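Reading through the structure tokens given below for one structure.
Position 1 is the first residue of the sequence, and the numbers go up from there. Start at 1 and go down the list; that is how both ligands and their atoms are numbered. Atom set for the values below is all heavy atoms of this structure, side chains included, hydrogens, waters and symmetry mates excluded. The structure displayed is predicted, hence computed values, not measured ones.
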Amino acid sequence: MFDTLSDRLSSVFKKFSGQKRLTEENVQEGLREVRLALLEADVNFKVVKQFIDRVRDKCLGQDVLKGLNPAQQVIKIVNDEMIELLGGETTGLDLRGQQPYVIMMVGLQGSGKTTSTGKLANHLRKSKMRPYLAPADVYRPAAIDQLKTLAAQLDLPVYDSTVQMNPVDIARNAVAAAREQQCNVVILDTAGRLHIDETLMQELVAIKEAVAPQEILFVADAMTGQDAVTVADAFNNALDITGVVLTKMDGDARGGAALSIKTVTGKSVKFVGMGEKLSDLEVFHPDRIASRILG
Ligand code: GDP
């Protein structure tokens, strides 16, 4: 998904390779192109500004990187800042305290929430956890059936929710049922809407208060670019999310969401969805993504 950005950046770096040293002039000119490349990749403009300022300061105040030529110096600085932009260290799930742990999945309809719930269960089972699935999206009847089907495919227990039930009761009862069945992690699929609305947020806050989840993962569709970042910010303000699952990274999204979410919300991307299959979930490694972008 970062192909265009990657191509643009490598042509900027090529220009530096003919230079003997970094001057204010060639740095300014190079960074103007980096800035355009990031904006074209749909990165939030405030994020771009911060990024460029930091890279410029480092390039011009440089005496640490002796032994590297100008192109290598710029690449090293951009790489380090890109890793920071993407969230720094890899942040996995932080599951501590009383079991069963609860992971609450939130996000807009169509973002890939239900699919990611199944993928995450599959991922956790591989690391010897015993997941229990809980469908709490009572407004989209197909969502309950979809998660029950995924549970059957994975051969995992699932709470027998119906559309008549109250989502807060589903959450509470599912945690109790998981405990009885000796499952140690409940993954709760909540309702989404096409747009953020107050009723949805209140319901999600009520679920959060009822079951005190260790993780609240906001599921964002990478294809929606800056909208994903705005919506992530709104969910974070209401729910204090603990991380993000960025779906549809296998598509031709320009990368803006991946590059903006951490700076805008302060919350890290923890997983990425790379396809529709249950195995298409990967842990998000900022350093690997940065080196993919920088070639
Ligand atoms: P929900 O309404 O948020 O629960 O969304 P769903 O889980 O039903 O997903 C909506 C659509 O996106 C479905 O067709 C999924 O197969 C698809 N989808 C989800 N995650 C990914 C992904 O990582 N890559 C691709 N290509 N499609 C995905």
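At under 3.5 Å, a nitrogen or oxygen of G275, whether backbone or side chain, sits near a nitrogen or oxygen of ligand 1. Among the atoms of T247, none of the N or O lies under 3.5 angstrom from an N or O of ligand 1.
Checking R193, Q109, K113 against atom 3 (O) of ligand 1, the nearest heavy atom belongs to K113. Distances from atom 11 (C) of ligand 1 to the heavy atoms of K277, K248, M223, M105 show the closest one on K248.
Heavy-atom proximity to Q146, at under 4.0 Å, picks out these atoms of ligand 1: 6 (P), 7 (O), 8 (O). Close approach to L108 involves these atoms of ligand 1, each under 4.0 Å from a residue heavy atom: 3 (O). Close contacts of ligand 1 with M274, meaning ligand atoms under 4.0 Å from a residue heavy atom, involve 23 (O). Of all atoms in ligand 1, numbered sequentially from 1 with element shown, those under 4.0 Å from a heavy atom of G273 are 23 (O). Remark: ligand 1 atoms within the under-4.0 Å shell around heavy atoms of K119 are 20 (N), 21 (C), 22 (C), 23 (O).
Heavy atoms of G251 stay at 4.0 angstrom or farther from ligand 1. The closest approach between any non-hydrogen atom of R140 and ligand 1 is below 4.0 Å. Proximity of D280 to ligand 1 is not established, as no heavy-atom distance is less than 4.0 Å. By the 4.0 Å heavy-atom criterion, G110 is counted among the residues contacting ligand 1.
Closest non-hydrogen pair, D155 versus R125, comes out as O-NH1, 4.1 Å.
Ring geometry, F235 versus F218: the interplanar angle falls from 30° to 60°, so the pair is classed tilted.
In this structure H285 satisfies the ring-ring contact (aromatic ring centres under 6.0 Å, His included) test with no other residue, sequence neighbours excluded.
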